Amino acid sequence: MADPEGRVLLFSAREVDGERWWFTPGGGVHRGETVQGAAVRELFEETGYAAAESELGPVVATSMGLWLAEAEGKLFLGAHSFFFLRVKVAMLNTDGQEDLERSMITGHHWWSVADLRAATERISPLGLAGLLDRLLRGDIPERPVRLPRRR
C-alpha cells in the first residue's frame with residue numbers, strides 16, 4: 001500500500017537476537033478464500049484500510065520463505081503474493097490486528113524508495129525498493145516479479 005507521496009507502509013518486528021526487521025502488511029489465506037480476498041481482509045485487519053478486490057490489480061511480485069512465530073513456537077512456510085495499491089491518505093488503524101500480530105509487530109513506518117535504499121535494517125522482501133520505484137513509475141510487470149524473502 002503506497003500513500004500519495006509514494007511511500008510504502010511497513011511493519012517492524014524483532015528477531016530472537018534483537019535485530020529489527022521490516023515487512024509489508026499481509027497474512028495467511030483462509031480455507032476457501034482467494035489470494036485477493038485474503039489480501040483485502042488482511043489489509044483491513046492490519047491497517048484499517050478497506051479496499052475492494054477489484055482495487056488490487058494484478059499480483060506484482062511473489063516470494064517464499066520460512067519464518068518463526070516465537071510467541072507460538074511455530075515455524076511457518078510463507079508463499080507471498082504482493083499487490084500494489086495506492087491509497088489516498090497515509091492512515092493506520094491497528095484495532096483489527098489479531099493477537100499473534102500484536103505480539104510480533106513492534107512499530108510501523110511509511111518508507112520512500114530513497115528510505116528503502118538507504119535502510120540499514122533488514123527489509124523484507126529483498127528488492128522492495130526497486131519494485132516500488134518501478135510501480136510508482138507506472139511500470140506494472142506483465143508477470144509477477146520473484147523476490148527473495150530474506151538475505
Side-chain angles (χ1 to χ4, degrees), residues 1-16 18-30 33-65 67-72 74 76 78-140 144-145 147-151:
M1 145 169 147
D3 73 359
E5 295 177 36
R7 301 174 303 168
V8 65
L9 176 67
L10 298 180
F11 290 120
S12 64
R14 295 234 179 240
E15 293 286 1
V16 176
E19 177 191 16
R20 184 167 63 169
W21 64 288
W22 297 87
F23 57 95
T24 60
V29 179
H30 294 168
E33 194 174 40
T34 65
V35 171
Q36 292 83 356
V40 166
R41 176 185 49 76
E42 287 286 348
L43 184 67
F44 183 71
E45 286 175 5
E46 293 185 4
T47 71
Y49 187 83
E53 289 183 33
S54 60
E55 292 178 73
L56 295 181
V59 173
V60 295
T62 61
S63 74
M64 184 177 291
W67 63 278
L68 177 65
E70 294 170 43
E72 295 185 354
K74 291 183 181 178
F76 291 89
H80 310 279
S81 297
F82 298 91
F83 297 90
F84 180 61
L85 178 67
R86 297 294 301 252
V87 296
K88 295 178 182 173
V89 177
M91 67 97 181
L92 182 65
N93 178 345
T94 61
D95 291 347
Q97 288 183 354
E98 296 174 347
D99 290 341
L100 175 61
E101 293 159 341
R102 284 195 168 99
S103 73
M104 290 179 44
I105 294 171
T106 59
H108 73 278
H109 184 72
W110 290 88
W111 296 73
S112 68
V113 170
D115 292 338
L116 290 169
R117 288 191 170 132
T120 57
E121 295 174 313
R122 185 161 39 104
I123 305 289
S124 185
L126 295 175
L128 184 58
L131 177 63
L132 180 60
D133 185 41
R134 177 180 179 176
L135 296 171
L136 291 171
R137 289 185 280 110
D139 183 8
I140 307 297
V145 174
L147 298 174
R149 186 77 183 147
R150 294 181 166 222
R151 53 179 137 124

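Just so you know, these numbers come straight off a predicted model, no measurement behind them.
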Sub-4.5 Å side-chain heavy-atom contact between Arg86 and Leu136: yes
Closest non-hydrogen atom pair between Val113 and Ala129, with its separation: CG1-O, 3.9 Å
Which residues share a salt bridge (charged side-chain N to carboxylate O under 4.0 Å, His left out) with Arg117, sequence neighbours left out: Asp133
Those residues that, when tested against Val40, pass side chain to side chain contact (heavy atoms under 4.5 Å, CB included) (two or more places apart): Glu53, Leu56
Non-neighbouring partners of Ala13 that pass side chain to side chain contact (heavy atoms under 4.5 Å, CB included), sequence neighbours left out: Trp21, Phe23
Pairs meeting criterion ring pair (Phe, Tyr, Trp, His ring centres under 6.0 Å) with involvement of residues 82-102, two or more places apart: none
For the student: nearest non-hydrogen atoms of Ala51 and Leu43, plus distance: CB-CD2, 4.2 Å
For Trp22, all residues meeting ring-ring contact (aromatic ring centres under 6.0 Å, His included), sequence neighbours excluded: Trp111
Contact summary for Gly6 and Leu132, nearest pair of heavy atoms: O-CD2, 3.9 Å
Residues forming a side chain to side chain contact (heavy atoms under 4.5 Å, CB included) with Thr62, sequence neighbours excluded: Val59, Ser81, Pro144, Arg146
With Ser112 via side chain to side chain donor-acceptor pair (under 3.5 Å) - residues at least two apart: Asp115
Trace of the side-chain contact (heavy atoms from CB on, under 4.5 Å) decision for Leu10 with Leu116: CA-CA 10 Å; Leu10 298 180; Leu116 290 169; 3.8 Å; yes
Interatomic spacing from CE in Met1 to OG1 in Thr47 - rounded to 0.5 Å: 4.0 Å
Between CG on residue Leu131 and CG on residue Asp139, distance to nearest 0.5 Å: 9.5 Å
Non-hydrogen atoms of Pro148 and Ser63 that approach each other most closely: C-CB, 4.4 Å
Set of residues satisfying side chain to side chain donor-acceptor pair (under 3.5 Å) with respect to Asp3, sequence neighbours excluded: Arg7
Residue pair Leu128 / Thr24, side-chain heavy-atom distance below 4.5 Å: yes
Enumerate donor-acceptor pairs with a distance under 3.5 Å from any side-chain N or O in residues 88-97 to protein atoms, sequence neighbours excluded.
| from | atom 1 | to | atom 2 | distance (Å) |
| --- | --- | --- | --- | --- |
| Asn93 | OD1 | Asp95 | N | 2.9 |
| Gln97 | NE2 | Glu46 | O | 3.2 |

Qualifying residues under side chain to side chain contact (heavy atoms under 4.5 Å, CB included), relative to Ala50, sequence neighbours excluded: Phe44
pair Tyr49-Leu85: side-chain heavy atoms closer than 4.5 Å: yes
Partners meeting side chain to side chain donor-acceptor pair (under 3.5 Å) with Glu45 (sequence neighbours left out): Arg41
Partners meeting side chain to side chain donor-acceptor pair (under 3.5 Å) with Arg20 (sequence neighbours left out): Glu121
